[in-house]
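Here's the structure we're looking at; comments come further down.
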Amino acid sequence: MHEETRWIDSHAHLTMFEPEEVAEVLDRAAARSVVGVLVPATGPADLDRALGLSADHPDRLVAAVGVHPHEASSLDAGLKARIEGSLGRTGVVAVGEIGLDYHYLNSPREDQLCALAWQLDLACEAGLPVVLHNRESWTDLEAALASRQGRLRGVCHSFTEGAEEALRVLELGLLIGVSGMVTFKAAANIRAMAATLPPGRVLVETDSPYLAPAPHRGARNEPALVPLVGAKLADEWQLRTGEVAARSTAAFRELFAVRDGWAG
Ligand SMILES: [Zn+2]
């Protein structure tokens, strides 16, 4: 029996692509067996766009709604109402992209922590998984997740901490997202982290338009390139790439509870 290889890109900012090119981007992805994509919103400016994309492409796209840590200071009562109001919409499968980023500090820490706490609690109440961003903020993120252990599901996307932290994420009941960084020559630390993880708890992603995998590094990334991430993981795990695709896709479907037939 030979199972057909099917990939899902668990994190692509298609809101940052020109509206008229999204259909072509999805066709190029499908030509490489990438059959589904999760599009996370990042803030007030692209929330409606993420919703619109998942409505326009209901068989191939799903959306996450939320405020990225860069935009945390924009989370006022009006935006909270917009996020809450979008949770029941068709194609909305998660709260995201949320988290902490102490590298850029585009929003002050205090605002980031408030926005994260509110959105984590919202996800718990709604019974939805979260899509998490973390940069130089692991200690505070870990504390926020640990205080909700057992009530929270989700994925730490493009995870760049070490193996110990990654295993802690799994212990807290969440998955690890691996991006094209795993293919970067200098990213031996990410390969070492990924190698320690059970394949069934890892989602592949592009983080398009960023982080294009080798040999496309520096170019604009798109979902069609996610099999290159999976192929590198297959090397690390010594599995067939089809096996990596099957496990990652199954983990995605379970976490985000996508309907039967979606990205079929
Ligand atoms: Zn992102």
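In listed order, ligands and their atoms are each counted from 1.
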Which class fits the ring pair Trp262 and Phe252: parallel under 30°, tilted 30 to 60°, perpendicular over 60°?
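Ring orientation, 0 to 90° scale: parallel.
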Using 30° and 60° as the class limits, which term best fits the ring planes of His68 and His70: parallel, tilted or perpendicular?
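It falls in the tilted class, 30° to 60°.
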Which atom pair, heavy atoms only, marks the closest approach of Gly66 to Ile83?
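Reported closest heavy-atom pair: CA-CD1, 4.0 Å.
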Give the minimum heavy-atom separation between Ala50 and Thr15, together with the two atoms involved.
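Answer, listing the atom of Ala50 first, then Thr15: N-CG2, 3.7 Å.
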Do Arg259 and Asp59 sit within salt-bridge range, that is, some charged N less than 4.0 Å from a carboxylate O?
yes
Check ring pair (Phe, Tyr, Trp, His ring centres under 6.0 Å) between Trp138 and all other residues, then give those that pass, not counting sequence neighbours.
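Once residues adjacent in sequence are excluded, the partners of Trp138 under the ring pair (Phe, Tyr, Trp, His ring centres under 6.0 Å) criterion are Phe159.
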Keeping to distances under 2.8 Å, can you name the protein N/O/S atoms close to the Zn ion (ligand 1)?
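Listed by chain and number, the nearby protein N, O or S atoms are His11 NE2, His13 NE2, Glu97 OE1.
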